[in-house]
Amino acid sequence: MTNTAPGKATSGLATLGFAGLGVMGEPICRNIAVKSGAPTKVFDLSPAPMERLAGHGATPVPDLKAMLAEVDILFLSLPGGPQVEAVIRGENGVLAHGREGLIVVDMSTAPVALTRELAQELAERGIRFADAPVARTRQAAEDGTLSIMVGADDALFAEIRPYLAHAATDVTHCGPVGCGQVVKILNNMVLFENVVALSEALALGKSAGVDCDLLFDTLSKGSADSFALRNHGMKAMLKDSFPEGAFPTDYALKDVSYALDLAQTTGIHAPGAELAQARMEKARDAGFAAQYFPVLSRVVDRA
């Protein structure tokens, strides 16, 4: 960082901006802002998270345009590709109002092709872009123990990594722009397929007379052990507890669609991802769109 950026605070710290303060965005913002000590502007369509973050020293702004006039690094944490595209290409967005030298760090999960298109358009305006989607749970976001997968050139990764490290225990440089999204999308694809397998094991074991708690506990002691088993399986599926406000079926469907888009682009058939999509569509159609996505275990097919 040079000391000539318009938003540079007198302390020499970059001025940060956060747009999108939802389930993951709010705690990510809080961890980065508090731990870095950098002046931080925040914006969300809901006033409640802005008010909470103001209690931690952040400054709410009325809209994205106002934020773009003041910040050196803009972090985005949005629901998906359409929202990211609107923030970048929209009338009050980054392409229209971002200053040359601005850095945009997109922590959303978005399609790979769109990510690379937006990065190119921003580069033509002198704005640098990194994709930095996150993995792990809502609790990990609160605790600052996320895994963050970054697509950026080496210099930009080195510049943003110290900020990301305040929100994560693992910050991985996956390659140039778009590669963070590739790795995140494949991470979720594998997770979804694992949850489908667990739902089948649960249904089969229960139908065959095995205690379900014993089944999953024993699987955790063998080669079937996994993060999905210990978290999605034991904490949600065994308890038949799928709250709203966690990672919902609709969001999971969005992410698996990105994996299938990637499969189409690369020419690789991904039948496991197709099955996961079909199971989640069945859960959505059964009325579970807003519930935690392992709810797909309630709609296992029967012969």
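Since this is a predicted model, take the numbers as computed values, not measurements. All heavy atoms count here, side chains included; hydrogens, waters and symmetry mates do not. By convention here, the first residue in the shown sequence is residue 1.
When all heavy atoms of Ala252 and Met280 are compared, the closest pair comes out as CB-SD, 3.3 Å. Across Phe216 and Leu198, no two heavy atoms sit closer than the pair CZ-O, 3.8 Å. Between Arg279 and Leu296, the closest heavy-atom pair is O-CB, 4.1 Å. When all heavy atoms are compared, the tightest approach of Arg125 to Ala96 is NH1-N, 4.3 Å. Closest non-hydrogen pair, Gly93 versus Leu68, comes out as O-CD1, 3.5 Å. Considering all non-hydrogen atoms of both residues, Val183 and Cys174 come closest at CG2-SG, 3.7 Å.
A distance-only check finds a donor-acceptor pair linking the side chain of Asp72 to the backbone of Thr15 [under 3.5 Å]. For the pair Gln83 (side chain) and Gly80 (backbone), a donor-acceptor distance under 3.5 Å is present. The main-chain N or O of Ala152 is never found under 3.5 Å from a side-chain atom of Arg128 such that the two would form a donor-acceptor pair. The backbone N or O of Ala135 sits nowhere less than 3.5 Å from a side-chain atom of Ser147 that would complete a donor-acceptor pair. Distance alone, capped at 3.5 Å, is enough to place a donor-acceptor pair between the Gln291 side chain and the Phe242 backbone. When atom types are taken as modelled, the side chain of Gln181 and the backbone of Ser108 share a donor-acceptor pair closer than 3.5 angstrom. Without hydrogens or angle criteria, Asn231 side chain to Phe227 main chain gives a donor-acceptor distance under 3.5 Å. Of the possible donor and acceptor atoms, one in the side chain of Lys184 sits under 3.5 Å from a partner among the backbone N and O of Val134. Side-chain atoms of Asn31 come within 3.5 Å of backbone N or O of Pro27 as a donor-acceptor pair. Looking only at distances, no side-chain donor or acceptor of Tyr163 sits under 3.5 Å from a matching main-chain atom of Leu16.
Of the charged side-chain nitrogens involved, none lies within less than 4.0 Å of a carboxylate oxygen, so that Arg116 and Asp131 do not count as a salt-bridged pair. Under 4.0 Å is where a charged nitrogen must lie from a carboxylate oxygen, and between Lys254 and Asp250 no such pair does. A salt bridge between Arg30 and Glu142 is present, with a side-chain N of the basic residue lying under 4.0 Å from a carboxylate O of the acidic one. In this structure, Asp170 pairs ionically with Arg136, as a charged nitrogen and a carboxylate oxygen lie closer than 4.0 Å.
At least one side-chain heavy atom of Val150 sits under 4.5 Å from a side-chain heavy atom of Ile160. Counting heavy atoms from C-beta on, the side chains of Leu156 and Phe129 never come closer than 4.5 Å. Between Val195 and Met237 there is a side-chain heavy-atom pair separated by less than 4.5 Å. Annotation: side chain of Glu281 is in contact with side chain of Leu253 (closest heavy-atom distance under 4.5 Å). Arg89 is listed as a side-chain neighbour of Glu121, based on a closest heavy-atom distance under 4.5 Å. Within the 4.5 Å cutoff, side-chain heavy atoms of Phe157 are placed close to those of Val171. In this structure the side chain of Leu164 reaches within 4.5 angstrom of the side chain of Phe75, judged on heavy atoms. Within the 4.5 Å cutoff, side-chain heavy atoms of Val42 are placed close to those of Leu21.
Under 3.5 Å, the side chains of Ser46 and Asp44 contain no donor-acceptor pair of N or O atoms.
Partner of Val71 under the side-chain contact (heavy atoms from CB on, under 4.5 Å) criterion, chosen from Leu102, Val104, Val61: Leu102. Checking each of Thr218, Asp217, Asp225 against Lys221 for a side chain to side chain donor-acceptor pair (under 3.5 Å) leaves exactly one that passes, namely Asp217.
Here the CG atom belonging to Asn194 is positioned 8.0 Å from the CG atom belonging to Leu229, to the nearest 0.5 angstrom. Taken from CG in Leu74 to CD1 in Ile127, the straight-line distance is 9.5 Å, to the nearest 0.5 Å. We find the CG-CG distance between Leu219 and Leu214 to be 9.5 Å, quoted to the nearest 0.5 Å. Put simply, CG on Asp106 and CG on Leu76 are 5.0 Å apart, with the number rounded to the nearest 0.5 Å. In this structure, the separation between OG on Ser297 and CG on Leu202 is 6.5 Å, given to the nearest 0.5 Å. With rounding to the nearest 0.5 Å, the separation of CE in Met189 from CG in Leu260 is 8.5 Å.
The number of heavy-atom neighbours closer than 6.0 Å to NZ of Lys282, taken from other residues, nucleotides and ligands shown, is above 12. Enclosure of atom NZ in Lys35 by more than 12 non-hydrogen atoms of other residues, nucleotides or ligands within 6.0 angstrom is indicated. Heavy-atom neighbours of Tyr292 OH from other residues, nucleotides or ligands within 6.0 Å: above the threshold of 12. More than 12 heavy atoms of other shown residues, nucleotides or ligands fall within 6.0 angstrom of atom CD in Glu200. Environment of CD in Glu91: sparse, with no more than 12 heavy atoms of neighbouring residues, nucleotides or ligands closer than 6.0 Å.
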(message) Determine whether Leu64 and His97 satisfy the following criterion, side chain to side chain contact (heavy atoms under 4.5 Å, CB included), listing intermediate values before the conclusion.
(response) CA-CA 9 Å; Leu64 184 66; His97 301 287; over 6 Å; no
(request) Give the intermediate values and the outcome of side chain to side chain contact (heavy atoms under 4.5 Å, CB included) for residues Phe18 and Phe43. (result) CA-CA 6 Å; Phe18 278 81; Phe43 173 69; over 6 Å; no
(request) Check step by step if side chain to side chain contact (heavy atoms under 4.5 Å, CB included) holds for Leu146 and Ile28. (result) CA-CA 9 Å; Leu146 291 167; Ile28 290 170; 3.6 Å; yes
(request) Kindly determine whether Val34 and His166 satisfy side chain to side chain contact (heavy atoms under 4.5 Å, CB included), including the steps that lead there. (result) CA-CA 9 Å; Val34 171; His166 292 310; over 6 Å; no
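Taking hydrophobic clusters as Ile, Leu, Val, Met, Phe, Trp and Tyr residues chained together by side-chain heavy-atom distances below 4.5 Å, Tyr251 does not share a cluster with Val87. Each of Ile148 and Val112 belongs to its own hydrophobic cluster when Ile, Leu, Val, Met, Phe, Trp and Tyr are linked at side-chain heavy-atom distances under 4.5 angstrom. In this structure, Leu191 is a member of the same hydrophobic cluster as Val295, with clusters built from ILVMFWY side-chain heavy atoms closer than 4.5 Å. With hydrophobic clusters built from ILVMFWY side chains whose heavy atoms lie under 4.5 angstrom apart, Leu78 shares a cluster with Val177. In the hydrophobic clustering of ILVMFWY residues, with side-chain heavy atoms under 4.5 Å counting as a link, Met107 and Leu53 come out together.
Classified by interplanar angle (parallel below 30°, tilted 30° to 60°, perpendicular above 60°), the ring pair Phe247/Phe293 is perpendicular.
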